[in-house]
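Presented below is the structure to which this report refers.
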Amino acid sequence: MALGALPVGPENYAAGRTAVFTALSRDQPAVAFTAAEWLLAHAKGESGAALAALADGNRQASPRVRAALLRAAVHHASPAARSSLVETIEKRYPAAPTVYEKGFLLEALSEDPAAFDFVRTEAFAAGQSPVVAGYALGALLSMRRRADFPATRHTDFAAAMRQALASGDVAQLGTAAEALADPNLYPEPQSADLTA
């Protein structure tokens, strides 16, 4: 059965979980990534710590799979455990050997608005790789779309989008334009932001 077609109702969760954990144990990165995304979207009763342990214990997995498992861990963590997981990811980030692995870790941080400042700093760091900057801005947009994104940070998000528009980077321009066009994020037209 394809992982994407697994039934997700409470009565089917145990069988789906078994299939997903089996897929994670195989050395097939595309299948394992789909399994990690399934856990992000559908895990029930899984602790953030247990999902993070899957990422740490699955060394044969690709960096993208490990980061997706960390993202699921942050998403499903209790509020008390979430800050510890975010701190772990932030500490792991500088040692990531490739720009893509750094980007995957920034995606994982998108599950917690408390990581906003860290991600924003990476988005606009001097000399930053365009790959990392693109992932960082995408993570900021994902954070902003979360229901628990603090209203007190809306102006910081808008400032980050204006900074992205001014950057001239194509990936950042695209993400900022997507944000500005989203009526859920900006109910009023933002023409002033486009000329600022």
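In what follows, residues are counted from 1 in the order of the sequence shown.
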- Please identify each residue that fulfils ring-ring contact (aromatic ring centres under 6.0 Å, His included) with Phe124, with sequence neighbours left out. none
- Message: Can you give me the closest heavy-atom contact between Ala171 and Gly134, atom names plus distance?
- Response: CB-CA, 4.3 Å
- Message: Less than 4.5 Å apart, side chain to side chain, heavy atoms only: is that true for Leu54 and Leu39?
- Response: yes
- Message: On a heavy-atom basis, which atom in Ala136 and which in Val119 lie closest, and how many Å separate them?
- Response: O-CG1, 3.3 Å
- Query: For the atom pair CD (Gln163) and CG (Asp156), what is the distance rounded to the nearest 0.5 Å?
  - Reply: 11.5 Å
- Message: Do Leu137 and Met161 make a side-chain contact, defined as non-hydrogen atoms from C-beta onward lying under 4.5 Å apart?
- Response: yes
- Quick one: does Phe118's side chain get under 4.5 Å of Leu106's, heavy atoms only? yes
- Message: To the nearest 0.5 Å, what is the distance between CG on Leu185 and CG on Leu180?
- Response: 9.0 Å
- Query: Can you name the nearest heavy-atom pair linking Pro94 to Lys102, along with the distance?
  - Reply: O-NZ, 3.4 Å
- List the atom of Phe149, the atom of His154, and the distance in Å for their closest heavy-atom pair. CD2-CD2, 3.6 Å
- Item | salt bridge (Lys or Arg N to Asp or Glu O under 4.0 Å) contacts in which one or both residues fall within residues 112-140, not counting sequence neighbours | Asp117-Arg153
- Message: The criterion is salt bridge (Lys or Arg N to Asp or Glu O under 4.0 Å); which residues satisfy it with Glu87, sequence neighbours excluded?
- Response: Lys91
- Task: Using the test side-chain contact (heavy atoms from CB on, under 4.5 Å), find all partners of Ser83 that sit at least two apart in sequence or belong to another chain.
- Result: none
- Taking the side chain as every heavy atom from C-beta outward, state whether Leu24 and Leu69 have any pair of such atoms under 4.5 Å apart. yes
- Note on the structure: Rounded to the nearest 0.5 Å, the CG atom of Leu70 sits from the CD1 atom of Ile89 at a distance of 4.5 Å
- Message: Are the side chains of Arg92 and Asp56 in contact, using a 4.5 Å heavy-atom criterion?
- Response: yes
- Gap separating the CG atom of Leu85 from the NE2 atom of His75, nearest 0.5 angstrom: 13.0 Å
- Task: Write out all pairs satisfying side chain to side chain donor-acceptor pair (under 3.5 Å) with one or both partners inside residues 129-146, taking only residues at least two apart or from two chains.
- Result: Glu111-Arg146, Arg145-Glu178, Arg145-Asp182, Arg146-Asp148
- Could you check if a side-chain atom of Leu141 sits within less than 4.5 angstrom of a side-chain atom of Phe157, using non-hydrogen atoms only? yes
- Task: Please confirm whether the backbone N or O of Gly45 pairs with a side-chain atom of His76, one donor and one acceptor, at under 3.5 Å?
- Result: no
- Query: Where is the tightest heavy-atom contact between Ala68 and Ala36, given as atom of each residue plus distance?
  - Reply: CB-CB, 3.7 Å
- Query: More than 12 non-hydrogen atoms from neighbouring residues, nucleotides or ligands closer than 6.0 Å to OH on Tyr100, yes or no?
  - Reply: no
- Task: Using a 4.5 Å cut-off on heavy atoms from C-beta on, say whether the side chain of Tyr93 contacts that of Glu101.
- Result: no
- Task: Could you tell me whether the side chain of Ser47 reaches within less than 4.5 Å of the side chain of Ser78, counting heavy atoms only?
- Result: no
- Task: Sequence neighbours left out, what passes side chain to side chain donor-acceptor pair (under 3.5 Å) with Gln28? Give chain and number order.
- Result: none
- Message: Using the side chain to side chain contact (heavy atoms under 4.5 Å, CB included) definition, which of the options Val170, Val99, Asp169 pairs with Pro130?
- Response: Asp169
- Check whether Val65 and Leu40 end up in the same hydrophobic cluster, where Ile, Leu, Val, Met, Phe, Trp and Tyr are linked by side-chain heavy atoms less than 4.5 Å apart. no
- Any idea which heavy atoms bring Ala52 and Ala73 closest together, and the distance? N-CB, 3.5 Å
- Message: Under a 3.5 Å distance rule, please check whether Arg66 uses its side chain to pair with a backbone N or O of Ala55 as donor and acceptor.
- Response: no
- Message: Treating Thr175 as the side-chain partner and Gln172 as the backbone partner, does any N or O pair qualify as donor plus acceptor under 3.5 Å?
- Response: no
